[in-house]
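Presented below is the structure to which this report refers.
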There are 2 protein chains.
Amino acid sequence: MALRHAVLAALLGEELSGYQLAKAFDVGVANFWHALPQQLYAELARLEKDGLITGREVVQDTRPNKRLFQVTDAGSAELEQFTATAAKPSSIRDDLLVKVQAADHVDTGQLIAQLAERATFAQGKIELFERLLHTMRGDSTEEHFLRHGERIGPYLTCLRGLAFEQGNRDWCERSAAVLRERQATRVGD
Amino acid sequence: MALRHAVLAALLGEELSGYQLAKAFDVGVANFWHALPQQLYAELARLEKDGLITGREVVQDTRPNKRLFQVTDAGSAELEQFTATAAKPSSIRDDLLVKVQAADHVDTGQLIAQLAERATFAQGKIELFERLLHTMRGDSTEEHFLRHGERIGPYLTCLRGLAFEQGNRDWCERSAAVLRERQATRVGD
DNA sequence: CGATGATACTCAAGAAAGTGACTAATCATA
DNA sequence: TATGATTAGTCACTTTCTTGAGTATCATCG
């Protein structure tokens, strides 16, 4: 019962189709909640059935028709109530960290390659987030935007995503460097 | 098929009981993989059935008997193979971020309280990780340990956990400060 | 003109994860 | 001498997530 709230939060402020929502969950929202398109369509159906969102059909000439969803008052109330409940600690799942945990017992070369790949991926995300942040704040400085901007929720979560990916990149690079150095040392033994 | 590898990785180097493993998943391993005790017991049973770990009964006088598990050669091979496959991008799930995403539409007071609580929690984790890191490296400096230490996998993942929680703490504090300032501004309107 | 890719979804099956309740012994403490 | 905490697990049930395939239209590129 939590994807539910992530979807509601993503739908606040803008009407989206399932397809657009899936895109959003692929870039921005993915920082704090990950979901596949199929889950989103299913969740949208449930939310509509429960009256927390309403959908309207939009007929399109050049593309398949779509349904745009927006949060109802009941949906807002649900989110409000959700916010009032205690937050569970965040749960992370990362294959790569599992592999690094076993670093002393597995093939170092593979691990280094995967750390490098992840660092590159993180760098891409960093650049994306920096662009997103800039788009959101427009001409204002960050400080000014955070004080006086209208919609700062997505900005704040994006800031967390940025810091997270910077942490990822730095850690991947450092870990890869450490493993490389140890490899070199061992060869030189 | 992923908790499987997290359990194997946690069991490398040390023989643990299900109960001890659950503790490990509550502190260190939780940084990159979260699981409840019930899941771990179930996974241990599966791993043993598949011959990736072996358990031995340890009779105890003062406490209930326990079963200690260790990774078999087949288990090591499985981990090795797992490392060779491409890592999926990490998946995060965080209630609190969902709430912040909706920050402009929900009760700010609650949110600030939860951010403060999370910052405190993160601070506790930071201190725990710093202690763990110190224990692992003993008298060596970090640099020396990473170059010449025997078992650096858990150290590296702990470093990531530390950075993650520092990021959490900083972001929570900043977000809470921003929301407080806006609250004050609005009152002053 | 055919291939590829984007838009916009749907369905079904199976694997994984989460929830809640429960047993049973010992130890500390008030 | 009850009370609760800690150690050490088990069972059953439900929800959620992932995987894989499939439908249909239009736009673009070579």
Side-chain angles (χ1 to χ4, degrees), chain A residues 1-7 15-27 29-30 32-50 53 55-69 85-95 98, chain B residues 1-8 15-27 29-30 32-50 53 55-69 82 85-95 98:
Chain A
M1 294 289 242
L3 173 58
R4 192 179 195 72
H5 301 109
V7 169
E15 221 177 6
L16 295 174
S17 68
Y19 192 77
Q20 291 172 303
L21 188 64
K23 296 275 164 191
F25 267 77
D26 220 44
V27 287
V29 183
F32 52 92
W33 212 274
H34 164 256
L36 297 168
Q38 294 96 311
Q39 283 173 267
L40 297 174
Y41 284 113
E43 195 59 53
L44 285 171
R46 243 166 304 178
L47 283 164
E48 192 180 21
K49 195 195 68 193
D50 296 346
I53 59 174
R56 63 186 182 91
E57 183 92 12
V58 173
V59 180
Q60 299 185 115
D61 286 355
T62 67
R63 312 195 158 282
N65 296 345
K66 62 182 173 183
R67 301 199 67 214
L68 292 181
F69 294 93
T85 65
K88 297 176 195 166
S90 67
S91 85
I92 308 190
R93 261 139 207 223
D94 196 334
D95 274 12
V98 172
Chain B
M1 296 289 243
L3 172 58
R4 189 178 196 74
H5 301 110
V7 170
L8 282 174
E15 220 178 7
L16 295 175
S17 68
Y19 190 78
Q20 290 172 304
L21 188 64
K23 295 277 165 190
F25 266 76
D26 220 45
V27 287
V29 184
F32 53 92
W33 213 275
H34 165 255
L36 297 169
Q38 296 95 311
Q39 287 173 265
L40 297 175
Y41 284 112
E43 196 58 52
L44 285 171
R46 246 169 312 200
L47 282 165
E48 193 180 20
K49 196 195 67 192
D50 297 346
I53 59 174
R56 61 186 183 91
E57 184 93 12
V58 173
V59 180
Q60 301 185 116
D61 286 354
T62 67
R63 314 200 154 280
N65 297 346
K66 62 182 173 182
R67 300 198 67 217
L68 292 181
F69 294 94
F82 170 67
T85 65
K88 298 176 192 165
S90 67
S91 87
I92 309 188
R93 264 140 206 219
D94 196 333
D95 275 12
V98 171

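Below, chains carry the letters A, B, ... as their sequence lines are ordered, and counting in each starts from 1.
- Phosphate contact (OP1/OP2 of dA8(D), side-chain N/O of Lys23(B), threshold under 4.0 Å): absent.
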side-chain contact (heavy atoms from CB on, under 4.5 Å) between Val29(B) and Val7(B), worked out: CA-CA 9 Å; Val29(B) 184; Val7(B) 170; over 6 Å; no

Pair Asp95(B), Trp33(A) - check side-chain contact (heavy atoms from CB on, under 4.5 Å), show working. CA-CA 9 Å; Asp95(B) 275 12; Trp33(A) 212 274; 3.8 Å; yes

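- The nearest whole Å value for the distance from the CG atom in Leu21(A) to the P atom in dT10(C) is 13 Å.
- Rounded to an integer number of Å, the gap from Lys66(B) NZ to dT10(D) P is 15 Å.
- If you take CG of Leu68(B) and P of dA8(D), they are 9 Å apart, rounded to a whole angstrom.
- Separating the CG atom in Leu44(B) from the CZ atom in Phe69(B) is a distance of 5.0 Å, to the nearest 0.5 Å.
- For Ser17(A), the side-chain atoms get nearest to dC9(C) when compared with the rest of dG9(D), dA27(D), dC9(C).
- Each of Thr62(A) and Gln20(B) was matched to the nucleotide of DNA chain D holding its nearest heavy atom; the match closer to the 5' end belongs to Gln20(B).
- Ile53(A) contributes atom CD1, which lies 4.5 Å from atom CG of Leu47(A) (distance to the nearest 0.5 angstrom).
- In terms of heavy atoms, Glu57(B) sits closest to Asn65(B) at OE2-CB, 3.5 Å.
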Does the pair Gln20(B) and Leu68(B) meet the rule for a side-chain contact (heavy atoms from CB on, under 4.5 Å), with working shown? CA-CA 9 Å; Gln20(B) 290 172 304; Leu68(B) 292 181; 3.6 Å; yes

In B/S/- notation (B base, S sugar-phosphate only, - none; protein heavy atoms under 4.0 Å), nucleotides 12-24 of chain D written 5' to 3' is ----SSBBB----

Between Leu3(B) and Leu40(B), does a side-chain contact (heavy atoms from CB on, under 4.5 Å) hold up when you go through it step by step? CA-CA 8 Å; Leu3(B) 172 58; Leu40(B) 297 175; 4.0 Å; yes

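- The CZ atom of Arg67(A) sits 9 Å away from the P atom of dC9(C) (whole-angstrom rounding).
- One finds a side-chain N or O of Tyr19(B) lying less than 4.0 angstrom from the OP1 or OP2 phosphate oxygen of dT7(D).
- Counting all heavy atoms, side chain and backbone alike, His5(B) lies closest to Val98(A) at O-CG1, 3.5 Å.
- Straight-line distance from the CG atom of Leu40(A) to the P atom of dT7(C): 15 Å, rounded to whole Å.
- Residues in residues 34-49 of chain A take part in these side chain to side chain donor-acceptor pair (under 3.5 Å) pairs, two or more places apart or across chains: Arg4(A)-Glu43(A), Glu48(A)-Arg67(A).
- Rounded to whole Å, the distance from CZ on Arg4(A) to P on dG18(C) is 19 Å.
- A rotation axis mapping the C1' atoms of four pairs onto the next four is fitted at both ends of the helix from dC1(C)-dG30(D) to dA30(C)-dT1(D) over five pairs, and the angle between these axes is 40° to 10 degrees.
- Atom CD of Gln60(B) is separated from atom C1' of dA24(C) by 14 Å (rounded to the nearest Å).
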